[in-house]
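Sequence lines set the chain letters: A, B, ... in the order given, protein chains first and strands last, and positions in each chain run from 1.
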2 protein chains.
Amino acid sequence: MMKRNALVAQSGGPSPVINASLQGVIEACFSYPDQIGNVYAGWHGIEGVLLEELIDMGKQPMEELKRLRRTPAAGAVGTCRYKLGSHQTADFDRIIEVMKAHDIGYFFYIGGNDSMDTAGKVSKLAREKGLELVVAGVPKTIDNDLGDDRFTIIDHTPGYGSAARYWAHLIQNVNEENRGMSGSEPVSVLQAMGRKSGYITAAARLADPQREMPLQLYMAESGHNLESLAENVNSELQRSGRCIVVVNEGFDVGSLGEARDAFGHVEYGASRTTAAQVVVNYLNDKGIKARGQVTGQLPGVIQRSTSIHASPVDLEEAYEVGKKAVQIALEEGSGWMATILRASGTDYKVLYDKVKLEIVANSARYLPKEWLAPGGIDVTDDFIEYARPLIQGGWPEIELEGGLQRFARLNVKLIDKKLPAYLPQNF
Amino acid sequence: MMKRNALVAQSGGPSPVINASLQGVIEACFSYPDQIGNVYAGWHGIEGVLLEELIDMGKQPMEELKRLRRTPAAGAVGTCRYKLGSHQTADFDRIIEVMKAHDIGYFFYIGGNDSMDTAGKVSKLAREKGLELVVAGVPKTIDNDLGDDRFTIIDHTPGYGSAARYWAHLIQNVNEENRGMSGSEPVSVLQAMGRKSGYITAAARLADPQREMPLQLYMAESGHNLESLAENVNSELQRSGRCIVVVNEGFDVGSLGEARDAFGHVEYGASRTTAAQVVVNYLNDKGIKARGQVTGQLPGVIQRSTSIHASPVDLEEAYEVGKKAVQIALEEGSGWMATILRASGTDYKVLYDKVKLEIVANSARYLPKEWLAPGGIDVTDDFIEYARPLIQGGWPEIELEGGLQRFARLNVKLIDKKLPAYLPQNF
């Protein structure tokens, strides 16, 4: 087999461990010097591929590449939300052209379900155009919404364990805060990511598996509305004098969410206000104010770009699944995504496996209904059993220099272009 | 001198190191067994004193007391925002009564300027009533707004170094996020605490002393408004394609802040909307939307209740200043607050000293005008030189058990009451 170059690109929102997968892919590529030549990264994902903006990872200092694993989010080589629909044939043609121009024989795409759809299409198109291109997917999403059955496709996605651990630690801290300040700030409202899926909101429960905290979880799937939420909070205030409320960003705030728009526009969601803010205002209006101020916390992108709360289990798996994708590409050929399956048995252990890109493409998975506890504001012990192994381990070794975090500093020098400029269809 | 009991209470918003001061006070009291008998803590600060709700710290397991130093916020013994005005003579009388009933000879009050005012009044009143009571203050506030001259009263307050380090680390993480996602989410807006004082907002600069990030700081003192903020952000987007905006919660959002209230009420501030949300909406309206989504992050109470971002320098100083207060109480008598002064010289070194409670009472301090950089969206190197030593050191040793943080678990068993029930005047 001829020696060919490899290209790796990231896609969609970042995670605390996306760079660990990147490092896994890069190091695994370096370990096959007979089959893989240069290893390029697309600067800002598929946008970098379309614009022929590629970085030679072989030219990076090895110690900086090693730091990728402890560098959160996607600042190292960038990611993007560029949409690639089937109709964008010019874009797909351009991708193939860039692959040809730089003799790319292996394309590794780190992303969620949309990205796996794109990867599958690139793989198919390359075959049709007679280009020998092996495409492999690396799963990534803090939402844990990849696949449609957790046991046969993937047990959990890299990134979820770290988002879960962030929320577990956050709720532990907020519990100390809320308990200490219950006299004047008895209700703390926090908004969690994962609009369609309750997995991240559910992870707040991991802070308190024994259920000792006055913690209420409002997953998108909860079936609650503002009114029943306020009732629940008031009950808890009567019981313990304080309450911690975690709302999914997609929690149904109904018409009150719209009413917040001062211009009269119906504009639901995070753009003009947030679910958390609507809940804070509603609770204050409903008289919680008499007991003290309701505080609102919006970790926003922080929950997907945190470093020190990253789960060591997640960091390790993200790295390994990146390496696995390279192994699959070399041994099995094009069209697979590497997956993580849980071995049966009492001790937590994973196996790395593979699944066809078209199976995972555009799939979606939600928190199983049976994991929602009766009452709709908690999860069951089955969820805890599922998620708890993902947040184990000590603190990740984030290097410090003068009290600041020392992240990977890559040299973002683009390689020489070989093609005429191209304007991506969605620009 | 007769052996007397000690009472310690916390006041106001918590900090990541307030419990370190608590531990310092308790351990120092234990180290004077000939002068100090039992050591009580007021459950939820002065409210606990008024309600005669006291916890015997001598009955706590020593290993849990040792964990206080690594336990953030004020959940261990609670704090409160109870206001004590000079006119509330019944409350002051009650405090003296409780002190007498439990033979309190030493009262340690951990708090900010209001608390030092209260401590001073209690000290004076006790003297007038012929009660031998030594009152000592322990400084605490993440806002760093205690005192009115940083060199003669206090160099910085315990809590500020940890809030500063939280913001330095947060901006480092958000920079990785914003750099990676600049194609679709080019502007990240974060809201910092410290309504009247820009010290916390300013600390975001510590993430990037070399000024390599596209970071703009809008302190309360900045002199900017929404319009000039949008201009600054647009300039930065033209320059680097991305921007990180930190707004003080007290940033002047003008009438647009009020307009967010759907009921037509003029209700400025954090209750119905937040400075960050107003900025997000304003930027979107001003056309940033065309370049992608503006994201808003509101760390809220998280920034004062975080554990792992606590500064080891701050943890140590908070502990030592607590111990110092006990030493002052025993050696100098009533009416002092322990302070932290910076020794002259190139290496950072502090001295612990004392100041009269009435001097620090109701004082306020702001970010010095000369530390605001020209343009109003940055601080000068003098600020960096001042604040940088406060965030040094490795990660604090926060114990983990099964991936969760192991905080102090005190036994909140109140001691037997000796007085009839009392209803505090502000309840």
Original post:
Around atom CD of A:E399, are there more than 12 heavy atoms of other residues, nucleotides or ligands at under 6.0 Å?
Top reply: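 Correct, the count exceeds 12.
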**OP:** Could you tell me whether B:R388 atom CZ has more than 12 heavy atoms of other residues or ligands within 6.0 Å of it?
**Re:**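 Counting other residues, nucleotides and ligands, CZ of B:R388 stays at 12 neighbours or fewer.
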Are any non-hydrogen side-chain atoms of [X] and [Y] less than 4.5 angstrom apart?
X	Y	answer
B:H169	A:L400	yes
A:F407	B:N175	no
B:P209	A:L404	yes
A:N173	B:I302	no
A:N178	B:S305	no
B:Q191	A:L298	no

Subject >> Option in A:G78, A:P299, A:G402 with maximal non-hydrogen atom pairs under 4.5 Å from chain B >> reply: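 If we count pairs closer than 4.5 Å to chain B, A:G402 comes out on top.
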Original post:
Which residue out of A:E401, A:R81, A:Q10, A:Q172 racks up the most heavy-atom pairs below 4.5 Å with chain B?
Top reply: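 That would be A:Q172.
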Select one option (side chain, backbone, both, neither) describing which atoms of [X] are under 4.5 Å from chain A's heavy atoms.
X	answer
B:R165	side chain
B:A76	backbone
B:T295	side chain

[X] (side chain) donor-acceptor with [Y] (main chain) under 3.5 angstrom:
X	Y	answer
B:W395	A:I398	yes
A:E176	B:A74	no
B:Q297	A:G300	no
A:H44	B:M181	no
A:Q277	B:R272	yes

Original post:
What part of A:A207 is in contact with chain B, defined as an atom under 4.5 angstrom from a non-hydrogen atom: side chain, backbone, both or neither?
Top reply: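 Backbone only.
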Original post:
By a 4.5 Å heavy-atom criterion (distance strictly below it), what part of A:V412 contacts chain B: side chain, backbone, both, or neither?
Top reply: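 Side chain of A:V412 only, per the 4.5 Å heavy-atom cut-off to chain B.
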Original post:
Taking only residues at least two apart or on different chains, which pairs with a member in residues 299-311 of chain A satisfy salt bridge (Lys or Arg N to Asp or Glu O under 4.0 Å)?
Top reply: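 Qualifying pairs, neighbours excluded: A:R304-B:E177, A:R304-B:E185.
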Original post:
chain A contacts: which residues in residues 307-316 of chain B have a non-hydrogen atom closer than 4.5 Å to it?
Top reply: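 B:S307, B:I308, B:H309 fall under the 4.5 Å cut-off.
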Subject >> Contacts of type side-chain contact (heavy atoms from CB on, under 4.5 Å), residue A:E53, not counting sequence neighbours >> reply: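 By the side-chain contact (heavy atoms from CB on, under 4.5 Å) rule, A:E53 matches A:W43, A:L51, A:L414, A:K417.
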Original post:
Sequence neighbours excluded, which residues qualify as side-chain contact (heavy atoms from CB on, under 4.5 Å) partners of A:A164?
Top reply: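 For A:A164, the residues satisfying side-chain contact (heavy atoms from CB on, under 4.5 Å) (neighbours in sequence not counted) are A:Y160, A:A203, A:L206, A:I391.
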Best-contacting candidate, [options], against chain A by heavy atom pairs under 4.5 angstrom:
options	answer
B:T79, B:N19, B:V77	B:T79
B:C80, B:G183, B:P72	B:P72
B:E47, B:Q405, B:R179	B:Q405

